[in-house]
Amino acid sequence: MTRPPPELRFPRDLLAADSLTAARALLGARLVRAGDATERRRRVGRIVEVEAYIGPDDRASHARMGPTPRNRVMFGPPGLAYVYLVYGMHHCLNVVTEADGRPAALLIRAVEPEDGLDAMRAGRGRPTIADHRLASGPGCVGAAFGVDRSFTGMDLCDPVSPLRLASAPDDEPAPVIVTGPRIGIAYAGEPWSSRPWRLAVSGSPSLSRRLP
DNA sequence: CTAATGATGTCCT
DNA sequence: GGACATCATTAGA
């Protein structure tokens, strides 16, 4: 019997780079939630929208107040997950970037569902939602992939992790990337609120909002 | 200890 | 376009 093509490991080096470079590498890559032997089906999607939160001086970043119990993992090595709860209900998944000691992360804002759509739909609790909307927003990604704060610290570059990254297939064209200001951070003030640190795959139907 | 608030999503008008 | 659900986290008393 045939098996799907092997997934390509996502190199940690790409995440150790500066965060905007890392963001461009992450767009088009896959987010994979492992299935299990009993009932949970594997979930896979293509990452199409991210936001960068860069360094200790970024007033929109959780790292702005220095290391705390919540954000501590942002100060550690690249490739680990940072998951936080917003508005008391939505779990948001970040990938830690840059060198150990420098706080930075990429918020995964949208994913195009590829496999395990029924499991994603169950996670969302919205039986009639359109396929392309299953993970179109940071809270939607968390719900669709069954991610919560207990995933913080998980190594997303380890192929054995229950939640991990995988590179796009070699024959897949590199995506065209568009940028704009980050969403929902007006409180940070200028210049942070205008920095074009939201990056997305142009033309994806799964973006959380349109991006010109 | 108390109080304010948020890297959002959904339903309403 | 606007209301609001709902709680971990943080700052401050």
Side-chain angles (χ1 to χ4, degrees), chain A residues 15 19-20 22-23 26-27 31 45 47-76 78 80-98 102-113 120-154 156 163 178-201 204-211:
Chain A
L15 299 173
S19 295
L20 296 179
L26 193 57
L27 289 172
L31 182 64
I47 298 168
V48 293
E49 180 181 342
V50 301
E51 275 176 2
Y53 291 84
I54 308 175
D57 300 321
D58 180 354
R59 302 314 286 170
S61 171
H62 289 170
R64 66 187 180 273
M65 64 290 278
T68 68
R70 177 177 68 160
N71 67 19
R72 185 169 53 83
V73 71
M74 286 184 74
F75 291 76
L80 305 193
Y82 168 48
V83 182
Y84 66 90
L85 184 65
V86 260
Y87 298 108
M89 54 192 99
H90 304 296
H91 295 276
C92 298
L93 171 65
N94 296 255
V95 182
V96 175
T97 53
E98 307 209 13
R102 178 171 158 81
L106 300 172
L107 170 66
I108 300 186
R109 290 191 54 93
V111 170
E112 273 180 21
M120 295 183 191
R121 192 163 274 114
R124 289 294 307 281
R126 257 163 197 70
T128 63
I129 192 170
D131 290 354
H132 69 280
R133 293 242 171 268
L134 281 170
S136 62
C140 302
V141 171
F145 282 79
V147 173
D148 62 42
R149 287 176 306 151
S150 71
F151 285 62
T152 291
M154 187 175 289
L156 301 175
L163 184 72
V178 291
T179 68
R182 294 173 291 179
I183 304 295
I185 53 138
Y187 65 86
E190 297 294 353
W192 310 104
S193 54
S194 294
R195 293 260 141 95
W197 289 355
R198 176 182 176 220
L199 296 89
V201 174
S204 168
S206 296
L207 300 189
S208 64
R209 305 180 170 194
R210 265 194 71 85
L211 186 57

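Naming: A, B, ... by sequence-line order, numbering from 1 per chain.
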How many whole angstroms separate atom [atom1] of [X] from atom [atom2] of [N]?
X      : N      : atom1 : atom2 : answer
A/R72  : C/dT10 : CZ    : P     : 12 Å
A/N71  : C/dT9  : CG    : C1'   : 10 Å
A/H91  : C/dT9  : NE2   : C1'   : 14 Å
A/R149 : C/dA8  : CZ    : C1'   : 6 Å

Does the side chain of [Y] come within less than 4.5 Å of [X]'s, by heavy atoms?
X      : Y      : answer
A/L163 : A/L93  : yes
A/W197 : A/I185 : no
A/M120 : A/F145 : yes

Mind checking if [X] touches a base, just sugar-phosphate, or nothing, with heavy atoms under 4.0 Å?
X      : result
A/R182 : nothing
A/T68  : sugar-phosphate
A/L107 : base

- Between which nucleotides of DNA chain B, 5' to 3', does chain A make heavy-atom contacts below 4.0 Å?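 The contact span of chain A on DNA chain B goes from B/dG6 to B/dC11.
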- Item | Close approaches to DNA chain B from residues 121-132 of chain A, in residue order (heavy atom, under 4.0 Å) |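 Of all residues in residues 121-132 of chain A, the ones placing a heavy atom under 4.0 Å from DNA chain B are A/R124, A/R126.
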- Task: Please report the C-alpha distance between A/V147 and A/V141 in whole Å, then the side-chain angles of each, then the deciding distance to 0.1 Å, and finally whether the side-chain contact (heavy atoms from CB on, under 4.5 Å) criterion is met.
- Result: CA-CA 8 Å; A/V147 173; A/V141 171; over 6 Å; no
- Query: In dot-bracket form, how is DNA chain B paired, counting a Watson-Crick or G-U wobble pair only if both its distances are under 3.5 Å and using | for bases paired to another strand?
  - Reply: ||||||.|||||.
- Give a yes/no on whether any side-chain N or O of A/R64 is located under 4.0 angstrom from OP1 or OP2 of C/dT10.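 For C/dT10, neither OP1 nor OP2 has a side-chain N or O of A/R64 closer than 4.0 Å.
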- Tell me the salt bridge (Lys or Arg N to Asp or Glu O under 4.0 Å) pairs involving residues 49-73 of chain A, sequence neighbours left out?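 For residues 49-73 of chain A, and leaving out neighbouring residues, the salt bridge (Lys or Arg N to Asp or Glu O under 4.0 Å) pairs sorted by first residue read A/E49-A/R109, A/E49-A/R198, A/E51-A/R109, A/D58-A/R182.
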- Could you name each residue pair satisfying salt bridge (Lys or Arg N to Asp or Glu O under 4.0 Å) that touches residues 131-142 of chain A, not counting sequence neighbours?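 Passing the test, one end in residues 131-142 of chain A: A/R121-A/D131.
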- Item | Residues in ring pair (Phe, Tyr, Trp, His ring centres under 6.0 Å) contact with A/F151, at least two apart in sequence or another chain |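 A/F151: no ring pair (Phe, Tyr, Trp, His ring centres under 6.0 Å) contacts found.
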- With respect to A/V48, which candidate in A/P205, A/S136, A/S206 satisfies the side chain to side chain contact (heavy atoms under 4.5 Å, CB included) definition?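 One option only clears the test, and that one is A/S206.
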- Task: Apply side-chain contact (heavy atoms from CB on, under 4.5 Å) to A/L15 and A/L156, showing your working.
- Result: CA-CA 11 Å; A/L15 299 173; A/L156 301 175; over 6 Å; no
- Query: When you measure from the side chain of A/N94 to the backbone N and O of A/A105, does any donor-acceptor pair fall under 3.5 Å?
  - Reply: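 No: the side chain of A/N94 does not pair with the backbone of A/A105.
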- Please report the C-alpha distance between A/T97 and A/L26 in whole Å, then the side-chain angles of each, then the deciding distance to 0.1 Å, and finally whether the side-chain contact (heavy atoms from CB on, under 4.5 Å) criterion is met. CA-CA 11 Å; A/T97 53; A/L26 193 57; over 6 Å; no
